[in-house]
Amino acid sequence: MLMRSTIYFNVTGFLCAAFLLLMLIFPAPPAIGADRAGDEFLTGYITSILERDLQWERDSYRLKVVRGAATITLFKDDPVRREEADTHLRTIDGLHSMKIIVKPSDPGKPGVVSRLLGITGEGEAFPIGNLFQPLLADPKQLQFFVSVNSFKSPGVRYTMASVGFGEAFGVYRFFGSREGDGLQLNIEGGLFAQFNLDAPSYDLINADYIIGIPATYRRGDNSLRLRIYHQSSHLGDEFLQGVNPPERVNLSYEAIDLIYSREWRGWRVYGGGEYLLQKEPADLKPISAHWGIEYYGSRPLVWNGRPVGGVDMKSFDEHKWAIDTSVKAGLEFGQPNPWRRRLRLMAQWYKGYDPRGQFYINKVESYGLGVSLGF
């Protein structure tokens with residue numbers, strides 16, 4: 001008990017030290033200045049000038065802002081528009097450069113489906129970022145993170161370290177008629193692993209491996225993710241060689257899931273479900289539901305860290321539709337754009353059936369601190 005407490009406080013102390021180091025690394029510039037420096041802010045600000053003040057039609061141009069440099073694509077040459085844009089946009093704070101190019105659209109490419117989806121006939125290979133923002137509180141969201149938790153399940157209680165490595169990689173994006181919109185094909189892969197910090201050698205308990213092919217879509221504040229993926233789970237060798245090891249279950253499945261999300265003034269709600277296409281054990285019930293809510297603060301709260309938080313819930317037919325709840329809340333450091341480098345320090349709590357590997361039949365509860373990185 002003493003050793004477990006010592007380890008827990010040591011790791012917690014390490015996280016606190018990391019937080020203090022962040023406060024030293026990140027200066028505290030004016031809040032508004034931090035927002036204005038973001039590409040997301042510039043995109044919205046320029047769009048409002050073009051469409052509200054200059055009355056440009058939404059589908060008559062395309063805007064892209066990357067690291068403070070704006071590129072406006074006109075689908076037909078228009079000297080009046082060129083002059084308007086140059087006059088009204090050049091003096092925007094935080095806009096480092098601007099160029100206007102003319103690239104006629106090809107009306108023959110978009111078909112009926114493309115027009116309904118708001119997709120142009122143009123695109124790019126290996127785009128930066130994604131069109132569906134990662135789920136903040138989902139314990140199975142692929143990302144780079146480490147967390148330390150007090151963990152308990154029936155008859156078991158220990159300090160658990162969880163780590164995850166994973167990311168989605170954009171393969172091709174079809175541009176939408178508005179900047180930020182489109183349809184994108186990705187590949188993703190990742191690993192989730194848990195360790196018992198109370199064991200003498202910090203035993204590996206379980207590792208889940210995931211590889212998938214997500215298609216993501218965005219139109220304004222609406223976005224969705226359709227994904228087919230594979231998961232296989234493996235127990236740690238030290239855990240299997242311990243006292244009273246569990247009987248190994250070869251948990252493996254292929255699944256398809258669909259999540260829709262809607263954003264509104266820093267808030268986001270989402271919902272969807274999953275179906276197991278192939279599974280082992282074969283008697284696993286295939287259907288589950290998934291929903292949640294998130295908040296992303298725009299103004300720094302403490303030392304340039306913006307408040308973020310989310311509640312993620314899942315319900316499985318396998319568990320008679322009991323609800324598993326994950327709550328995470330804390331601070332986000334870095335650029336507000338979700339596809340720029342950022343760091344999150346969050347407290348977390350989970351109660352429900354174990355989301356990890358073959359322990360899906362166990363009811364568990366955990367709470368702790370975690371750090372995640374975004375690239």
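- Taking the six-membered ring where tryptophan is involved, the planes of Tyr270 and His290 are perpendicular, since the angle between them exceeds 60° and thus also 30°.
- Residues Leu142, Phe145, Phe192, Ile210, Tyr229, Tyr253, Leu276, Leu284, Tyr360, Ile361 make up the rest of the hydrophobic cluster containing Leu251, defined by ILVMFWY side-chain heavy atoms closer than 4.5 Å, directly or through other members.
- For the pair Arg342 and Ser372, the minimum side-chain heavy-atom distance is below 4.5 Å.
- Annotation: side chain to side chain contact (heavy atoms under 4.5 Å, CB included) contacts of Asp283 (sequence neighbours excluded): Pro281.
- Ser153 and Asn362 share no side-chain donor-acceptor pair at under 3.5 Å.
- Ala215 pairs by the side chain to side chain contact (heavy atoms under 4.5 Å, CB included) definition with nothing, not counting sequence neighbours.
- Residues passing the side chain to side chain contact (heavy atoms under 4.5 Å, CB included) test with Val327 are Val311, Thr325, Trp349, sequence neighbours excluded.
- The number of heavy-atom neighbours closer than 6.0 Å to CZ of Phe174, taken from other residues, nucleotides and ligands shown, is 12 or below.
- Cluster partners of Phe175 are absent, since no Ile, Leu, Val, Met, Phe, Trp or Tyr has side-chain heavy atoms less than 4.5 Å from it.
- Residues Tyr350 and Gln348 bring no donor and acceptor atom of their side chains to less than 3.5 Å of each other.
- Using the six-membered ring where Trp is involved, Tyr353 and His319 have ring planes that are parallel, under 30° apart on the 30 and 60° scheme.
- For residues 363-375, the pairs satisfying salt bridge (charged side-chain N to carboxylate O under 4.0 Å, His left out) are Lys152-Glu365, with sequence neighbours left out.
- Counting heavy atoms of neighbouring residues, nucleotides and ligands inside a 6.0 Å radius, atom CD1 of Ile213 does not exceed 12 of them.
- When each of Lys314, Arg225, Lys328 is checked for a salt bridge (Lys or Arg N to Asp or Glu O under 4.0 Å) with Asp138, only Lys314 meets the rule.
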